[in-house]
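Have a look at the structure below, then the notes.
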Amino acid sequence: MVKQLESLLNISIYELIYELNNPRYEGLDALLEGPVNHQALRRKRKMEEDYENDGIIYVPIAAQAGYAKSYGSQLFLHHLQKFVLPGFPYRGEKYRVFEVKGDSMEPVFKEGYHLICERIEQEGWLQIAQFYAYIIVLESDIILKRLAFKDDANYVAISDNEFYKQFLLPMNDIKELWLVKRKMDWEMAPGKKYKIEI
């Protein structure tokens with residue numbers, strides 16, 4: 001009976017008794033007072049699942065130091081803003097939006113641009129595309145660089161701004177690796193001048 005109730009309500013008995021003040025269960029008390037509206041409950045669950053699966057987590061510059069230290073913490077990730085855009089092809093835990101900091105990747109990636117990135121699982125780190133741009137999560141920092149192989153244990157990190165020197169980046173220092181898929185640069189190119197022909 002207990003397991004059936006937990007399955008029906010999609011929460012454990014412990015949560016039901018001790019955590020009803022949690023915003024996740026808002027309106028559940030009203031649901032429990034009257035007859036169970038299974039259709040409304042299914043709709044509510046579907047909306048929550050869509051939000052979890054369709055959203056894409058945004059990591060602004062201000063949160064990047066915290067992200068580097070807490071990248072594996074679901075609690076930390078839960079507190080970051082999430083985008084939900086209808087028809088947006090990038091969604092779910094496989095993607096992140098990172099804000100660009102600094103000028104080391106100018107002119108292609110300016111500070112304040114937003115980058116849509118796809119996670120590269122660790123088993124794929126030896127098959128990355130050379131010279132593509134990646135967001136690299138380190139122990140205490142997040143950097144944006146182009147990567148090339150030095151050997152099976154090291155990358156060479158390259159900046160687009162040649163003022164910044166290349167450096168060796170051991171794969172063991174990397175916590176997460178994200179391939180840059182798209183950039184949102186917020187700048188509109190100036191209009192082209194046309195010859196009036198009529």
Side-chain angles (χ1 to χ4, degrees), residues 23-24 47-125 127-149 155-167 169-171 173-192:
R24 177 180 167 199
M47 284 171 45
E48 288 171 354
E49 286 169 9
D50 285 349
Y51 177 79
E52 289 301 318
N53 295 330
D54 286 352
I56 181 170
I57 291 174
Y58 168 54
V59 186
I61 292 171
Q64 288 183 10
Y67 184 96
K69 291 184 177 104
S70 309
Y71 67 94
S73 165
Q74 288 301 314
L75 183 62
F76 180 83
L77 295 177
H78 180 73
H79 288 293
L80 291 175
Q81 185 178 357
K82 187 181 270 195
F83 288 109
V84 180
L85 299 172
F88 196 58
Y90 307 106
R91 55 184 177 260
E93 284 300 308
K94 188 176 177 183
Y95 298 97
R96 292 275 188 279
V97 174
F98 290 92
E99 187 177 6
V100 176
K101 65 179 178 181
D103 64 352
S104 70
M105 294 299 283
E106 288 188 356
V108 179
F109 304 104
K110 294 181 182 175
E111 186 164 61
Y113 283 9
H114 292 79
L115 306 179
I116 301 164
C117 304
E118 181 178 357
R119 183 195 339 263
I120 306 296
E121 298 298 341
Q122 192 167 0
E123 56 269 16
W125 290 5
Q127 288 86 39
I128 67 161
Q130 297 241 76
F131 307 112
Y132 276 58
Y134 292 87
I135 288 286
I136 304 145
V137 179
L138 302 169
E139 186 71 43
S140 59
D141 199 10
I142 293 178
I143 59 174
L144 167 64
K145 296 293 174 206
R146 296 189 187 277
L147 294 179
F149 287 107
Y155 294 120
V156 175
I158 305 162
S159 298
D160 285 355
N161 182 344
E162 293 181 7
F163 175 80
Y164 294 89
K165 294 193 182 325
Q166 299 176 6
F167 61 91
L169 179 61
M171 292 181 195
D173 290 352
I174 299 172
K175 304 303 176 191
E176 287 185 335
L177 191 60
W178 298 84
L179 171 64
V180 176
K181 301 289 282 184
R182 296 282 183 271
K183 71 175 179 177
M184 295 183 279
D185 63 12
W186 314 117
E187 295 178 359
M188 195 67 172
K192 175 183 169 185

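For clarity, every value in this text was computed on a predicted model and none was experimentally measured.
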Is there a side-chain contact between W178 and L115 (heavy atoms, below 4.5 Å)? no

Whether the side chain of E99 engages the backbone of A63 through a donor-acceptor N/O pair (distance < 3.5 Å, no angle test) should be reported. no

Can you find a heavy atom in the side chain of I120 that is under 4.5 Å from one in the side chain of W125?
yes

Tightest non-hydrogen contact, residues L138 and D173, listed as CD2-O, 3.4 Å

CA sep, side-chain torsions, deciding dist, call: E111, I61, side chain to side chain contact (heavy atoms under 4.5 Å, CB included) = CA-CA 9 Å; E111 186 164 61; I61 292 171; 4.2 Å; yes

Between S104 and S159, the two heavy atoms sitting closest are O-CB, 3.1 Å

All heavy atoms of V156 vs all of Q166, minimum pair found to be CG1-OE1, 3.6 Å

d(R91 CZ, I57 CD1) to nearest 0.5 Å is 15.0 Å

#### Entry: pair K145-Y134: side-chain heavy atoms closer than 4.5 Å
no

Just so I know, are the side chains of I136 and Y155 near enough to count as touching, which here means a heavy-atom distance under 4.5 Å? no

From the list Q81, H114, K82, R96, side-chain hydrogen bond (donor to acceptor under 3.5 Å, both in side chains) partner of Y58 resolves to H114

Nearest heavy-atom contact between A148 and F131 is CB-CE2, 3.6 Å

Checklist line | Criterion salt bridge (charged side-chain N to carboxylate O under 4.0 Å, His left out) on D160 and R146, from CA distance to verdict | finding: CA-CA 8 Å; D160 285 355; R146 296 189 187 277; 2.6 Å; yes

**Q.** Flag side-chain contact, heavy atom, 4.5 Å: I116 against M184
**A.** yes

Rounded to the nearest 0.5 Å, the CD1 atom of I142 sits from the NZ atom of K101 at a distance of 6.5 Å

When rounded to the nearest 0.5 Å, the distance separating CD1 of I135 from CZ of R119 is 14.0 Å

Heavy-atom nearest pair, L179 first then A133, reads CD1-O, 3.7 Å

> Between S70 (side chain) and S73 (backbone), is there a donor-acceptor pair under 3.5 Å?
Replying inline: no

One should read off an interatomic distance between E121 CD and E176 CD, to the nearest 0.5 angstrom, of 9.0 Å

Smallest heavy-atom separation, V108 atom then K183 atom, equals O-NZ, 2.9 Å

ask   = Can you check whether Y90 reaches E118 side chain to side chain, under 4.5 Å on heavy atoms?
value = no

With a 6.0 Å cut-off (strictly less than), is the heavy-atom count around CZ of F149, excluding the residue itself, greater than 12? yes

Here the gap from I174 atom CD1 to L169 atom CG, rounded to the nearest 0.5 Å, amounts to 4.5 Å

Evaluate the side-chain proximity of D185 to F109: yes if any heavy-atom separation is below 4.5 Å, no if none is.
no

Side chains of V100 and E106 in contact at under 4.5 Å (non-hydrogen atoms): no

Determine, step by step, whether Y71 and L77 satisfy the side chain to side chain contact (heavy atoms under 4.5 Å, CB included) criterion, reporting the C-alpha distance in whole Å, the side-chain angles of both residues, the deciding distance to 0.1 Å, and the verdict.
-> CA-CA 7 Å; Y71 67 94; L77 295 177; over 6 Å; no

